[in-house]
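Below is one structure, written out as structure tokens; the observations come after it.
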Protein chains: 2
Amino acid sequence: MTAQEILIIDDEPQIRKLLQITLESNGYIVRLASTSKEGLLMAANHPPAMILLDLGLPDVSGHELLKQLREWYTRPIIILSVLSHEEDIIRALDNGANDYLTKPFRTGELLARIRSSLRKENAPENNPLIEAGDLQIDLVARTLKRNGELLKLTATEYNLIALFARNEGKVLTHQFILKEIWGVGFQSETQYLRVFVAQLRKKIESDPNHPKHIVTESGVGYRFC
Amino acid sequence: MTAQEILIIDDEPQIRKLLQITLESNGYIVRLASTSKEGLLMAANHPPAMILLDLGLPDVSGHELLKQLREWYTRPIIILSVLSHEEDIIRALDNGANDYLTKPFRTGELLARIRSSLRKENAPENNPLIEAGDLQIDLVARTLKRNGELLKLTATEYNLIALFARNEGKVLTHQFILKEIWGVGFQSETQYLRVFVAQLRKKIESDPNHPKHIVTESGVGYRFC
DNA sequence: GAACACTTTATAAATTCTTTATATAAGCTG
DNA sequence: CAGCTTATATAAAGAATTTATAAAGTGTTC
């Protein structure tokens, strides 16, 4: 198994150092950020396998940063905090944190919780792959394979197939799809959708004239199978 | 959302009682086991949505039970223990526990951790079905199945069967149906309705000449059964 | 400026809805 | 119950709408 990257967002230099030494000596690659802004940027530019986040940051509160991260970051986030207040734990977990450790923490426990969180991530039952017939969609890697072969999709094409895949079997109205992919204000641009559905079908259907995956529901929208 | 079952495996009666009261008052269905053997059997016979497991059980150690459970049980397991020893936490997490709480625990934190663990499990939620004999109507997915097989309906046909399904057993007048499906101003277009009822019957009735689902109430309207 | 992705236009094809025609069934009246 | 009237069922033609696809235009990136 290749080494995994962990991003640490903490403003206390001695904690950062301690974490870095502990984690690196256990085979992880460590990247460090000391402010919310810096942490968010590093996470966005090069998403790590998991994030250790301190709740008591100087610029933006850790709770706020957690919310922002969770808008797109799906891998584990473990919260670190000197606060042992119950409310903080609850709030962080409800906002999508995977786990919580109060400082000072025991390094053994820290490592165990990191292993546990990463294992879940890689466990087969948490597989981010959505399969539909000969198609496999990896929502994390943003890739689409057909019979194991990688298909080249544009950003919009991928967004569209991912939306379909997340709503398998459900009829999605034109308006809903347009709102989700292009945003509010595009709900009447049905032709955009027709063009992209045709392009997708050309790529994923064995017989684009008789589509099996993207079925049109005339007058309503489309359904993915 | 339907209530979720949580299996508690703990030998201390007062803890079992406390957990039961706390969880039931928060909308969960609680099932209790006081020994490893009993817990394993209950989990196997009717797998719960998650398991709360005490490490200090009398017959087999909680660690051993955790291992046995993890051979097949993939849903969340949260460990409870009076032992605050670091080694126990590490061992349990490494053996596949999802989370860990030391007694005495705060109920707010317990509930937050339960919600956090269950959230992932419940991501793809199943839709409520309206069933009528061999028909299943999924109002969310906008689909109609007959004996599990998807039927192809036009938008108006689907709107009509959905209206019927939402008013099962009730006689709907021509005027009411026309108003609901075509809108005000179409209340006198009874012929539209006849055409579409005939089309629907052709698709959903095993003998369209003697309809069982869409029954005509002569002079009044139709009734769906 | 070449490559690429998205937007827009044009047109053919497919599907669905409306209307007409006709057959069948049910109900009423003398 | 025959004969008349009204209500319903269904097929099929015609009209309207919706969809598919190619291709041209526009803008962006390297």
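As the structure is a prediction and not an experimental result, all values here were calculated from the model. The sequence lines fix the lettering, A, B, ..., with proteins before strands; numbering per chain opens at 1.
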Angle by which the axis turns from one end of the helix from dG1(C)-dC30(D) to dG30(C)-dC1(D) to the other, five pairs per end, to 10 degrees | 30°
Can you find a pair of side-chain heavy atoms, one from I78(A) and one from L53(A), that are under 4.5 Å apart?
-> no
Just do the side-chain contact (heavy atoms from CB on, under 4.5 Å) check on L151(A) and I204(A) with the steps written out, would you?
-> CA-CA 8 Å; L151(A) 296 182; I204(A) 67 173; 4.0 Å; yes
Considering only heavy atoms, which members of residues 198-225 of chain A lie under 4.0 Å from some atom of DNA chain C?
-> S218(A)
So which of residues 175-194 of chain B are in contact with DNA chain C, with a heavy-atom cut-off of under 4.0 Å?
-> W182(B), Q191(B), Y192(B)
About how many Å separate CG of D99(A) and CD1 of I79(A), when rounded to the nearest 0.5 Å?
-> 9.5 Å
Below 3.5 Å, can you tabulate the donor-acceptor pairs from side chains in residues 174-184 of chain A to any protein atom, sequence neighbours excluded?
unit_1: H174(A); atom_1: ND1; unit_2: V220(A); atom_2: O; d: 3.4

Listing time: all N or O pairs from protein to nucleotides 2-4 of chain D that are below 3.5 Å?
none

With a 4.0 Å cut-off (strictly under) to non-hydrogen atoms of chain A, the first and last hit nts on DNA chain C, 5' to 3', are dA5(C) to dT16(C)
Does a side-chain N-to-carboxylate-O contact under 4.0 Å join K145(A) and E149(A)?
-> no
In terms of ring plane angle, is the pair F164(A) and Y222(A) parallel, tilted or perpendicular, where the classes change at 30° and 60°?
-> perpendicular
With the side chain counted from C-beta on, respond yes when I137(A) and Y158(A) share a heavy-atom pair under 4.5 Å apart, and no when they do not.
-> yes
Below 3.5 Å between N/O atoms, which protein atoms pair up with nucleotides 25-30 of chain D? Just atom names and distances, please.
none

Which residues satisfy the side chain to side chain contact (heavy atoms under 4.5 Å, CB included) test with V30(B), sequence neighbours excluded?
-> I8(B), Q20(B), L23(B), E24(B), L32(B)
Under the salt bridge (Lys or Arg N to Asp or Glu O under 4.0 Å) test, which residues partner K203(A), sequence neighbours left out?
-> E157(A)
Short side-chain N/O contact from H174(A) to OP1 or OP2 of dT19(D), under 4.0 Å | yes
Residues which pass salt bridge (Lys or Arg N to Asp or Glu O under 4.0 Å) with R194(A), listed by chain and number, not counting sequence neighbours = none
Does any non-hydrogen side-chain atom of M42(A) lie less than 4.5 Å from one of E38(A)?
-> yes
Between E5(B) and H46(B), does any side-chain donor sit less than 3.5 Å from a side-chain acceptor?
-> yes
Counterpart residues, side chain to side chain donor-acceptor pair (under 3.5 Å), relative to R223(A) (two or more places apart) = E217(A)
Sub-4.5 Å side-chain heavy-atom contact between Y73(B) and P48(B) = yes
Sequence neighbours excluded, which residues qualify as side chain to side chain donor-acceptor pair (under 3.5 Å) partners of N95(B)?
-> none
Please step through side-chain contact (heavy atoms from CB on, under 4.5 Å) for the pair E205(B) and K212(B), ending with a clear verdict.
-> CA-CA 7 Å; E205(B) 302 279 2; K212(B) 290 276 171 293; 3.8 Å; yes
Touch class at under 4.0 angstrom, heavy-atom based, for V195(A) against every strand present | base
When you check the side-chain N and O atoms of R115(A) and N26(A), is any donor under 3.5 Å from an acceptor?
-> no
